[in-house]
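Right, one structure below, let's go through it.
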Protein chains: 2
Amino acid sequence: MDGKIYEAQAKYFKALSHPTRIKIVEYLRKNEMCVCEIFPHLGEEQSNISRHLAALKRAGILSSRKKGVSVYYRVQDENVFKVLELVLSFVKKVAKEKAAILS
Amino acid sequence: MDGKIYEAQAKYFKALSHPTRIKIVEYLRKNEMCVCEIFPHLGEEQSNISRHLAALKRAGILSSRKKGVSVYYRVQDENVFKVLELVLSFVKKVAKEKAAILS
DNA sequence: TGCTTTTATGGTTAAATACTCATAAAGTGT
DNA sequence: ACACTTTATGAGTATTTAACCATAAAAGCA
């Protein structure tokens with residue numbers, strides 16, 4: 001039964017199915033960041049970002065470490081950038097086609 | 001503003017965030033299929049599958065054509081298989097690590 | 001110890017999602 | 001015209017998700 005596999009894949013995609021969570025992953029592309037840096041950058045409530053971070057961590061996409069009172073999150077699955085890149089190129093292609101139709 | 005880009009990516013991921021929808025994409029890997037072939041194969045209600053197919057089509061992942069009374073769906077974005085493959089390998093890696101811890 | 005900063009979480013609410021059953025809509029064949 | 005097949009969709013319901021506000025928990029500092 002690979003039903004479990006499909007479920008695990010679906011969970012991964014669900015973790016990425018919110019624009020704010022994608023923004024977080026992109027923001028962490030180069031360095032780890034603490035929550036106190038992430039939430040002002042995205043202009044969202046701290047509690048909000050905290051839950052989005054927890055969702056990404058649950059999916060295995062991010063990991064975290066504590067340093068003093070701060071918690072630093074970083075990308076755990078580097079593959080996520082390939083995934084994002086593939087979807088980005090598709091999305092751009094569709095946008096381009098849509099623009100071509102209107103011209 | 002690339003907020004629109006993040007939203008479009010999120011929509012794509014949302015379309016794949018359900019195991020049944022991933023199964024559908026895999027089932028259509030080689031050939032187009034009509035709804036009447038898909039829903040018995042997945043053992044789900046026809047109305048259910050119809051909605052899942054609509055969601056995948058809205059995201060641009062599938063397309064459809066009508067032939068007689070039947071509607072044939074096929075994969076429109078071949079990139080989706082690369083995306084699925086990347087996530088599959090990640091999911092398997094995590095499962096393997098989890099198994100190693102328990103041994 | 002008391003004050004401050006940082007993060008996570010409980011409670012509430014509104015909206016979205018997924019499922020089921022029933023039925024409408026469209027096309028085929030008799 | 002009628003019956004049958006195939007697909008999509010309306011209505012109802014239960015579950016999940018996301019946002020906000022307030023606050024608890026943990027750690028550092030005066």
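In what follows, chains are A, B, ... by sequence order, proteins preceding strands, each numbered from 1. Only a predicted model underlies this, so the values are computations on that prediction, with no experimental measurement involved.
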- Message: Counting C-beta onward and ignoring hydrogens, is there a side-chain heavy-atom pair between A/K14 and B/K14 closer than 4.5 Å?
- Response: no

### Query
Across the strands shown, which category fits B/S70 at heavy-atom distances under 4.0 angstrom: base, sugar-phosphate, nothing?
sugar-phosphate

| query | So what does A/K14 touch, heavy atoms closer than 4.0 Å: a base, only the sugar-phosphate, or nothing? | reply | sugar-phosphate

Between A/V71 and A/R51, whichever has its closest DNA chain C nucleotide further toward 5' is A/V71

Quick one, A/I24 and A/L62 - any side-chain contact, counting heavy atoms below 4.5 Å? yes

CD (B/Q9) and NZ (B/K4) are apart, to the nearest 0.5 Å, by 14.0 Å

Comparing A/K66 with A/R21, nearest DNA chain D nucleotide closer to 5' gives the residue A/R21

To the nearest angstrom, the CG-P distance between B/N48 and C/dT17 comes to 15 Å

Would you mind classifying the nucleic acid contact of B/Y72 as base, sugar-phosphate or nothing, using non-hydrogen atoms under 4.0 angstrom?
-> nothing

Here the distance between atom C1' of C/dT9 and atom CZ of A/R58, to the nearest Å, is 12 Å

Note: for B/H52 and A/V35 on DNA chain C, the residue whose nearest nucleotide lies more 5' is A/V35

Subject >> Aromatic plane relationship, B/H41 with B/Y27 - under 30° parallel, 30 to 60° tilted, over 60° perpendicular >> reply: parallel

Can you find a pair of side-chain heavy atoms, one from A/Y6 and one from B/E26, that are under 4.5 Å apart?
yes

Rounded to whole Å, the NZ-P distance (B/K67 to C/dT28) equals 11 Å

To the nearest angstrom, the CG-P distance between A/L56 and C/dA8 comes to 12 Å

- Message: Tell me whether the side-chain N or O atoms of B/S47 pair up with the base of C/dC19 as donor and acceptor below 3.5 Å, since no angle test is needed here.
- Response: no

Inset, instruction - Would you mind classifying the nucleic acid contact of A/F39 as base, sugar-phosphate or nothing, using non-hydrogen atoms under 4.0 angstrom? - result: nothing

message: Is there a side chain to side chain contact (heavy atoms under 4.5 Å, CB included) between A/E44 and A/T20? Walk through the geometry before answering.
response: CA-CA 9 Å; A/E44 303 256 354; A/T20 300; 3.4 Å; yes

A/Q46 CD to C/dG10 C1', in whole Å, measures 14 Å

Its 5'-most and 3'-most nucleotides having an atom under 4.0 Å from a non-hydrogen atom of chain A, DNA chain D is contacted over D/dT17 to D/dG28

Between CG of B/L53 and C1' of C/dC19 the distance, given in whole Å, is 15 Å

Report yes or no: do A/K57 and A/S63 form a side-chain donor-acceptor pair below 3.5 Å?
no

Rounded to whole Å, CD of A/E45 lies from P of C/dT7 at a distance of 15 Å

Atom CD of A/E32 and atom P of C/dT7 are separated, to the nearest Å, by 12 Å

